[in-house]
Number of protein chains: 2
Amino acid sequence: MLNMKTFAVLAEPTRRLLLDSLLEGAQSVNSLVDRIGMSQPVVSKHLRILRDAGLVLVKPDGQRRLYSVSPAPLAELEAWLEPYRKLWNERLNSLEEHLDEME
Amino acid sequence: MLNMKTFAVLAEPTRRLLLDSLLEGAQSVNSLVDRIGMSQPVVSKHLRILRDAGLVLVKPDGQRRLYSVSPAPLAELEAWLEPYRKLWNERLNSLEEHLDEME
DNA sequence: TTGATATATATCTTTACAGTTATATATCGG
DNA sequence: CCGATATATAACTGTAAAGATATATATCAA
């Protein structure tokens, strides 16, 4: 079911940076290298890991490879987060009530 | 601002297991040890890390320590996730439209 | 106080993984 | 075909961290 490796993959700051960069649209490896200021092998390695995790897609474009975000696995995060979201909403609500009482 | 160490802390499966256990209410260290089947030092160590990350709170209760979830840092996850959620919603919508067209 | 229980921490070992460097593969232009 | 460009991968190194074991600290009960 839930492939929880997604968490580990996203734990790496460089990989989140890559995903964030790809939010603005598909990009080649080298443009990502320029953007995040890491060596090309490092970027390729991280992209490989993101790809294995289903978080990005590749589309060959001549000699380049265009990477884009594939957000489906993030639904796991969302799902895991849900019961906790309820918790913190409750607490926000009771804080609000508390503030209302103080008025 | 955003303390992205939260991601790394949550990347560890045992720690997510601990948090999930605590969703059912505050618990002592030993009850968590029994629940997740790991050694007491391991559990204490992970709880320490969760505590440093602000993800759990401790309340001394005699010789025990009652741990409970403190969900505030998870708002970071939520925030980071947001632009991606938009992405996958868009894709769900276009899938829907596509299915509608096929009818 | 003493022994038992509950938890924390220190030390050690092993493993996983990020980054570097060097090299391989593939595709372009001429 | 050839050199240049774009990307992937292999091999190596250093480091961080998870789990095991042993021990320290604190609180209970008698």
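Each chain gets a letter, A, B and so on, in the order the sequences are listed, and its residues count up from 1.
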Looking at [Y] and [X], is any side-chain nitrogen of the basic one under 4.0 Å from a carboxylate oxygen of the acidic one?
| X | Y | answer |
| --- | --- | --- |
| Arg35(A) | Glu24(A) | yes |
| Arg48(A) | Asp52(A) | yes |
| Lys5(B) | Glu76(B) | no |

Chain B contact limits on DNA chain D, taken 5' to 3' with a cut-off of 4.0 angstrom to heavy atoms | dA18(D) to dC28(D)
Per nearest nucleotide of DNA chain C, the residue lying toward the 5' end, Gln63(A) or Tyr67(B), is Tyr67(B)
So which one's nearest nucleotide on DNA chain C is more toward 5', Ala8(A) or Asp61(A)?
-> Ala8(A)
Side chain to side chain, [X] and [Y], heavy atoms closer than 4.5 Å:
| X | Y | answer |
| --- | --- | --- |
| Ser21(B) | Ile36(B) | yes |
| Trp88(A) | Leu74(B) | yes |
| Pro83(A) | Leu23(B) | yes |

Give a yes/no on whether any side-chain N or O of His46(A) is located under 4.0 angstrom from OP1 or OP2 of dC17(C).
-> no
Shortest non-hydrogen contact between Ala26(A) and Leu66(A), atoms and distance | CB-CB, 4.5 Å
Please report the distance, rounded to the nearest Å, between [atom1] in [X] and [atom2] in [N].
| X | N | atom1 | atom2 | value |
| --- | --- | --- | --- | --- |
| Lys59(A) | dT27(C) | NZ | P | 16 Å |
| Glu12(B) | dA16(C) | CD | P | 13 Å |
| Arg64(B) | dA4(C) | CZ | P | 18 Å |

When you look at CZ of Arg85(B), are more than 12 heavy atoms from neighbouring residues, nucleotides or ligands closer to it than 6.0 Å?
-> yes
Select base, sugar-phosphate, or nothing to describe what Arg15(A) touches, counting heavy atoms under 4.0 Å on all strands.
-> sugar-phosphate
Pull out every residue in residues 17-44 of chain B that has a heavy atom closer than 4.0 Å to any atom of DNA chain D, ordered by number, or say none.
->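 Result for residues 17-44 of chain B: Ser39(B), Pro41(B), Val42(B), sorted by number.
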